Amino acid sequence: MINTKDILETIRMIEDENLDIRTITMGLSLLDCADADIDVSCRKIYEKMTRQAERLVPVGEEIERTYGIPIINKRISVTPIALLTAVSGGDPVKYAKTLEKVSRTVGVNFIGGFSALVHKGFAAGDRELIEAIPEALAVTDHVCSSVNVGSTKAGINMDAVKLMGEAVKKAAELTKDRNCIGPAKLVVFCNAPEDNPFMAGAFHGIGEPDCVIHVGVSGPGVVRSALTKYPDANLSEIADVIKKTAFKITRMGQLVGAVASEKLGVPFGIVDLSLAPTPAVGDSVAHILEEMGLEICGTHGTTAALALLNDAVKKGGVMASSHVGGLSGAFIPVSEDAGMIHAARTGDLTIEKLEAMTAVCSVGLDMIIIPGETSPATISAIIADEAAIGMVNSKTTAVRVIPAIGKQIGEELEFGGLLGSGPIMHLHNDKSSQKFIDRGGRIPAPMQSLKN
């Protein structure tokens, strides 16, 4: 039974603590749109997506008005486009332009799924799609791309890792007149989930239904506010506070997902209970860690504090919903988190510390701006390091780095909106990884992959 106290508490969270639904994301299968003629395939995609998603934005806005819950983004994820390219051949950029046309027609913020799954090797259409990513991101505004290069079961495809380092650099160069926005819409994964509603890594997995609704919640400000009431609590008590708060946040996501599912007439998929920050003051994961007792995010103890936070969020969330999925935990995107931005500017948060933190958080090296002269081989090596953490620890990891073409350390890039802004972070080790990346092949799967 929901009582008056719970209702008033939720209202306060929304009004004063930046609580929101970060996204409702419609997942759509495009497998039935595949055709040997790429133009026919694009026409089928446009017709299906605009038909299925025509009410997505209006329904989201109706839920906002009815329940007073902000829903920041309405998005679509689709079948990895490389699967369609395998059938049709042709220029994959045509698919990206079709997705962009859909986004403008139905009014969604982003469409994810210009993607390929190559963790064990390249199938037909995969290389073509990867090579098309830089141009696809340059000629569109709302299309996001992701590539899965490794998994605990398969190991790491180092040939794909090399290609992705080159793709990230080229995407930045092609969009240098727009603050290098291209790679901000590109994620390189290990162990990518098939039901992730968050961009830029969302795609609709082949094990998903034809159409489904996923919800991504937020609420770092709510968690931090809860912790301020317990200034002298020990860490066991802190974990309990976070679990109880995550429960309340997730219940709101469950409600929105159930209502959206009913109104749209499609199945409800999952609630991704990740704490997704924004550049707004009071909506920061870094500030939660500092509320635990760290002077600044990035100092010694940061990884331990983040491990506590991530675990407590998951434990609280799974009690609130039987459909938890996606990434679910704590995000640490540097340019999207006010506390992370500050710590990066002061030099207290380094890319090396961020890499350590990714072993215990939900994603990886996310929205990190690096010097524009960084070589593709170095970017590939960063991707390989992060994929290795995910592979060995049986968790999702990812890399979204933005080479700031024409800019130097000390300068900043401004993306606006949820993507925020941030300083160019120093890569302290300038020695080459070129020969290692050029070897190619596959890093074998670890022993823990043999679970059968």
Side-chain angles (χ1 to χ4, degrees), residues 116 118-122 126-127 130-131 133-134 145-152 154-174 176 180 182-184 186-192 303 332 334 344 347 349-359 363-393 395-409 422-446:
V118 295
H119 37 283
K120 207 167 184 177
F122 299 99
D126 288 336
R127 282 185 182 270
I130 290 173
E131 290 168 356
I133 286 173
S145 179
S146 59
V147 176
N148 193 65
V149 299
S151 74
T152 299
I156 303 171
N157 180 351
M158 291 300 292
D159 296 314
V161 168
K162 180 178 181 180
L163 287 178
M164 291 314 300
E166 295 166 354
V168 168
K169 184 65 178 283
K170 187 175 180 182
E173 291 170 342
L174 292 180
K176 63 183 179 182
C180 305
L186 171 60
V187 180
V188 187
F189 275 116
C190 178
N191 290 321
T303 305
I332 52 171
V334 175
L349 184 64
T350 66
I351 195 165
E352 291 82 9
K353 186 61 176 178
L354 282 161
E355 184 178 308
M357 293 164 67
T358 63
V363 277
L365 296 173
D366 196 18
M367 288 305 291
I368 295 172
I369 305 166
I370 60 176
E373 67 269 16
T374 305
S375 70
T378 296
I379 297 171
S380 293
I382 292 170
I383 293 169
D385 283 343
E386 197 58 33
I389 291 173
M391 175 185 72
V392 171
N393 290 287
K395 69 182 293 295
T396 300
T397 51
V399 172
R400 185 165 46 151
V401 295
I402 301 97
I405 305 301
K407 294 183 179 292
Q408 303 298 321
I409 294 171
I424 299 170
M425 298 188 70
H426 183 48
L427 301 181
H428 293 90
N429 197 321
D430 60 358
K431 302 301 187 290
S432 175
S433 310
Q434 186 73 57
K435 185 174 180 180
F436 175 71
I437 297 300
D438 285 344
R439 286 182 182 274
R442 195 164 96 230
I443 294 179

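The structure displayed is predicted, hence computed values, not measured ones. Side chains included, hydrogens not; waters and symmetry mates left out as well; all remaining heavy atoms used.
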Inset, instruction - Would you mind reporting whether Val334 and Ile369 have side-chain heavy atoms less than 4.5 Å apart? - result: no
Inset, instruction - Could you tell me whether the side chain of Met164 reaches within less than 4.5 Å of the side chain of Val399, counting heavy atoms only? - result: no
Inset, instruction - Find out whether Asp438 and Lys162 are in side-chain contact, i.e. whether some heavy atom of one side chain is under 4.5 Å from a heavy atom of the other. - result: yes
Inset, instruction - Give a yes or no on whether Lys170 atom NZ has more than 12 heavy-atom contacts from other residues, nucleotides or ligands under 6.0 Å away. - result: no
Legend entry - Minimum-distance pair of heavy atoms, taken over all atoms of Pro134 and Ala167: CG-O, 3.6 Å
Legend entry - Point-to-point distance, once rounded to the nearest 0.5 Å, from CD1 of Ile368 to CG of Leu354: 4.5 Å
Inset, instruction - Could you tell me whether the side chains of Lys353 and Thr303 share a donor-acceptor contact shorter than 3.5 Å? - result: yes
Legend entry - Asn148, Val149, Val147 screened by side chain to side chain contact (heavy atoms under 4.5 Å, CB included) with His119, the one that passes: Asn148
Inset, instruction - Any chance you could measure Ile389, atom CD1, to Glu355, atom CD, to the nearest 0.5 Å? - result: 4.5 Å
Legend entry - Minimum-distance pair of heavy atoms, taken over all atoms of Thr152 and Pro446: O-CD, 3.5 Å
Legend entry - For Cys190 against Gly390, the heavy-atom pair lying closest together: SG-C, 4.0 Å
Inset, instruction - Looking only at non-hydrogen atoms, find the nearest pair between Ala377 and Ile437 and report the distance. - result: O-CG1, 3.6 Å
Legend entry - Minimum side-chain heavy-atom gap Arg442-Lys120 below 4.5 Å: yes
Inset, instruction - State the CG-NZ distance between Leu174 and Lys169, to the nearest 0.5 angstrom. - result: 12.0 Å
Legend entry - Close side-chain approach of Arg400 to Val363, heavy-atom, < 4.5 Å: no
Legend entry - Any donor-acceptor pair under 3.5 Å from Ser375 side chain to Thr378 backbone: yes
Contacts under 3.5 angstrom, residues 154-161 side chains, donor-acceptor by atom type, not counting sequence neighbours:
{"unit_1": "Asn157", "atom_1": "OD1", "unit_2": "Asp159", "atom_2": "N", "d": "3.1"}
{"unit_1": "Asn157", "atom_1": "OD1", "unit_2": "Ala160", "atom_2": "N", "d": "3.2"}
{"unit_1": "Asn157", "atom_1": "ND2", "unit_2": "Val118", "atom_2": "O", "d": "2.8"}
{"unit_1": "Asp159", "atom_1": "OD1", "unit_2": "Gly441", "atom_2": "N", "d": "3.4"}

Legend entry - Close side-chain approach of Pro403 to Val168, heavy-atom, < 4.5 Å: yes
Legend entry - Rounded distance (nearest 0.5 Å) linking atom SG of Cys180 with atom CD1 of Ile402: 9.0 Å
Legend entry - Between Thr358 and Glu386: side-chain donor-acceptor atoms closer than 3.5 Å: yes
Legend entry - Atom pair CE (Met357) and CD1 (Ile332), whose distance is rounded to the nearest 0.5 Å: 4.5 Å
Legend entry - Flag, side chain of Thr396 to backbone of Asn191, donor-acceptor distance under 3.5 Å: yes
Legend entry - Heavy-atom check, side chain of Ile370 versus side chain of Ile379, under 4.5 Å: yes
